[in-house]
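All values derive from a computational prediction rather than experimental measurement. Every chain is numbered from 1, with letters handed out A, B, ... down the list of sequences.
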Amino acid sequence: MRKEVIRHMRPVRIFVRSIRDAFKSVLRNFSLSIASILCTTITLILVSVAIISAANIENATKLIEDELSIVVYLDKSVTEEQIENIESDIMSQENVSEYTFKSKTEWKEEMSEYDDAFETVLNYLDENPLMDSLIVKVKDVNDLSETAKIISEISGVDTVKYGDGMVDSIISAFDVMEKVVVVVVIALVLVTAFLISNTIKLTIFSRRSAIEIMRLVGASNITIKLPFIFEGFIIGVIGAIIPICVSIYGYVILYDILNGHIFSNMLVLIKPFNFVFYVSAVLLVLGAIVGMLGSLKAVGKYLKI
Amino acid sequence: MKFIELKNVSKVYRNGVTALANVSVEIDKGEFVFVIGLTASGKSTFIKTLYREEKPSSGTVMVGGLNVGKIRNRRVYKLRRKIGIVFQDFKLLPKLTVYENVAFALECVGMKEKEIRPMVMSALERVGLKHKVRAFPGELSGGEQQRVCIARAIVNKPKLLICDEPTGNLDPETSKEIMKVIENINKDLGTTIIMATHDKDIVNRMKKRVLLIEHGLLVGDYAKGSYKTHEAS
């Protein structure tokens, strides 16, 4: 029974010792640790900038896309029944997410509120010259014009209006930007992983004799790897502290200075809270994982004898 | 079955150099054996096949019932825990104290701190370095560093102690002291000792069994005390 307990305690002890040794080693190899930490810090700051940009572009694109809709004007002669048919025809389109009916009376009220001149002219006429309409939202904005074309061919539809050329170009511009930023983020993460792994490799290279000795005195591979993995973890986490502070304070200050939007009200920035905390969490996890993987990769090289 | 058995062991390195050729030898438990030969004669390779730093190209190496050549890379540690190894260049961790260097071998196995302490202290006492537990290797003389290395090798009470030119870097006086320590380990603990050396004085003086290796061949296996006679004749 007691032997059982002891056998189960051993992995725990090795685990705890590995953590202790990792801390010791970070301190005893101070200059190399600092180099690794700084390397992590710099690359994580770049990653942070990229993530914040990507998230904001994504957000702006989404906001603009949400605003986009197709306005379907109906023939004046359509009956209630026909309207229902048109509605079901529109809903049967795969790309259509929802629609709302806006009657000519509603249009009249809205326009009258907007401008007194409209009100005067509209009231002067006996009959409301405006048309009933359906405002259609789509799922994928990229197919907006195609969907609009299909809807325009439904009988009882007079005209279809959407942003036309301007909208198309905005959407494609944002699309390209989004893709570019995603590529940049991925590239930066890979570069970070590579840099950290290389710096840690340097740290480990200086200790390959230690690894050799560990093997000679009968340390199992996992016992040798564990302290290095924890060391990578510690370096990654410490390296993430400054980028996290920079991200939180930097973004809050930027948001305040820009009053929450860039250029126009169209490009709205994401509210700092809790956004900055999500970014911080991503940086922390990224630092820790990349640090551990970097160590693992670097130490593995010296275990193949 | 003998404690150590080599059967037709050959080792050819990738560059085509034959370091060992058809070596067969048996060693009993508790024996003290010198392995001698010129530089590049193959004696280091012979020693290294015993602790699976080198795999034999052909033949079998049995140590304490284990087929050493067949052990997988990630299982090598199981063999290493059963043997102690002493090196010419000490191989101490410079950033660990004397105590930590010796305790290291036990920590790797996952022993309790409570169990480790007395074992480390008794190993250090045996090599006469109990008073230097807190020193770092850099603060010790060569002889003292070798004692730490020996303490580390014997701390988990191995059945086999392998010494690869332990006195190669030491002056004759210090070498004598180190040999005394190793001899006592053999006598008191019954540890089997296999020691590669090219120090003729030591071999002649100690009168132990001698294996002579030349060009990868085992050219002589001299029983206790007969080697010097051979040289004289």
Side-chain angles (χ1 to χ4, degrees), chain A residues 2-34 203-231 296 299-305, chain B residues 47-48 50-55 71-87 89-97 100-116 120 123 136-137 148-158 160-162 164:
Chain A
R2 188 159 172 268
K3 264 193 174 163
E4 266 306 273
V5 173
I6 290 172
R7 239 213 332 270
H8 286 305
M9 281 304 290
R10 285 196 175 176
V12 178
R13 221 173 287 134
I14 288 175
F15 195 78
V16 172
R17 273 191 191 127
S18 300
I19 297 176
R20 182 201 67 188
D21 288 349
F23 273 105
K24 250 194 215 168
S25 161
V26 168
L27 287 176
R28 284 186 178 167
N29 302 285
F30 193 67
S31 52
L32 275 171
S33 304
I34 288 288
T203 338
I204 290 179
F205 181 75
S206 69
R207 278 188 283 152
R208 64 195 187 289
S209 60
I211 295 174
E212 189 199 345
I213 294 166
M214 285 169 103
R215 270 181 72 86
L216 287 171
V217 297
S220 63
N221 282 2
I222 187 68
T223 318
I224 298 173
K225 278 179 190 169
L226 267 181
F228 286 102
I229 294 173
F230 285 125
E231 202 176 326
L296 196 61
V299 77
K301 223 183 107 184
Y302 297 103
L303 289 179
K304 291 178 199 129
I305 299 170
Chain B
I47 292 277
K48 281 177 180 168
L50 294 177
Y51 62 90
R52 180 42 181 76
E53 190 66 10
E54 296 291 353
K55 269 187 185 178
I71 302 174
R72 284 195 198 167
N73 249 338
R74 53 191 181 82
R75 300 250 167 229
V76 167
Y77 71 92
K78 295 205 165 168
L79 168 75
R80 302 275 169 87
R81 285 177 189 184
K82 289 183 180 148
I83 53 186
I85 312 168
V86 178
F87 305 93
D89 58 353
F90 321 133
K91 291 202 198 297
L92 298 174
L93 291 164
K95 298 204 169 168
L96 299 187
T97 63
E100 287 169 331
N101 261 293
V102 180
F104 189 66
L106 300 176
E107 286 184 2
C108 289
V109 191
M111 273 196 176
K112 270 193 227 161
E113 202 65 50
K114 257 201 288 186
E115 298 167 334
I116 290 176
V120 172
F136 285 92
V148 179
C149 184
I150 293 170
R152 183 182 64 193
I154 61 162
V155 70
N156 58 355
K157 306 195 169 70
L160 172 63
L161 182 64
I162 295 174
D164 195 356

Novice: Can you give me the closest heavy-atom contact between Lys24(A) and Glu100(B), atom names plus distance?
Specialist: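 Shortest heavy-atom separation between Lys24(A) and Glu100(B) comes out as NZ-OE2, 3.2 Å.
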Novice: Between chain A and each of Met111(B), Arg74(B), Lys78(B), count heavy-atom pairs under 4.5 Å; write down the option with the most.
Specialist: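 Heavy-atom pair counts peak at Met111(B).
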Novice: Any chance CZ of Phe136(B) has more than 12 other-residue heavy atoms, nucleotides or ligands included, within less than 6.0 Å?
Specialist: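 Yes - once you tally the heavy atoms of other residues, nucleotides and ligands closer than 6.0 Å, there are more than 12.
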Novice: Please name the pair of heavy atoms, one in Leu93(B) and one in Ile213(A), separated by the smallest distance, quoted to 0.1 Å.
Specialist: CD2-CD1, 3.9 Å
Novice: Supply the atom-to-atom distance Arg80(B) CZ to Ser220(A) OG, rounded to the nearest 0.5 angstrom.
Specialist: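 Answer rounded to 0.5 Å: 12.5 Å.
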Novice: Please flag which part of Glu113(B) lies under 4.5 Å from any non-hydrogen atom of chain A: side chain, backbone, both or neither.
Specialist: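 Both backbone and side chain.
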Novice: In Å and rounded to the nearest 0.5 Å, what is the CD to CE distance from Glu107(B) to Met214(A)?
Specialist: 9.5 Å
Novice: Is it the side chain or the backbone of Arg152(B) that comes within 4.5 Å of chain A heavy atoms, both, or neither?
Specialist: side chain
Novice: Side chain, backbone, both or neither: which part of Thr223(A) has a non-hydrogen atom closer than 4.5 Å to chain B?
Specialist: side chain
Novice: Atom CD in Glu212(A), atom NZ in Lys91(B): separation rounded to 0.5 Å?
Specialist: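 NZ of Lys91(B) is found 4.0 Å from CD of Glu212(A).
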Novice: How long is the straight-line distance from CZ of Arg215(A) back to SG of Cys108(B), given to the nearest 0.5 Å?
Specialist: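 That separation rounds to 12.0 Å.
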Novice: Side chain from CB out, backbone as N, CA, C, O: work out which of these in Leu96(B) comes under 4.5 Å of a heavy atom of chain A, or both, or neither.
Specialist: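 Both parts, heavy atoms under 4.5 Å.
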Novice: Taking side chain as everything from C-beta outward and backbone as N, CA, C, O, which of these in Ile85(B) sits under 4.5 Å from a heavy atom of chain A? Side chain, backbone, both or neither.
Specialist: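 Looking at Ile85(B), just its side chain touches chain A.
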Novice: Can you tell me how far CD1 of Ile222(A) sits from OH of Tyr77(B), rounded to the nearest 0.5 angstrom?
Specialist: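 These two atoms lie 10.5 Å from each other.
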Novice: Counting heavy-atom pairs under 4.5 Å to chain A, which of Pro94(B), Ala105(B), Ala153(B), Pro158(B) comes out on top?
Specialist: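 The answer is Ala105(B).
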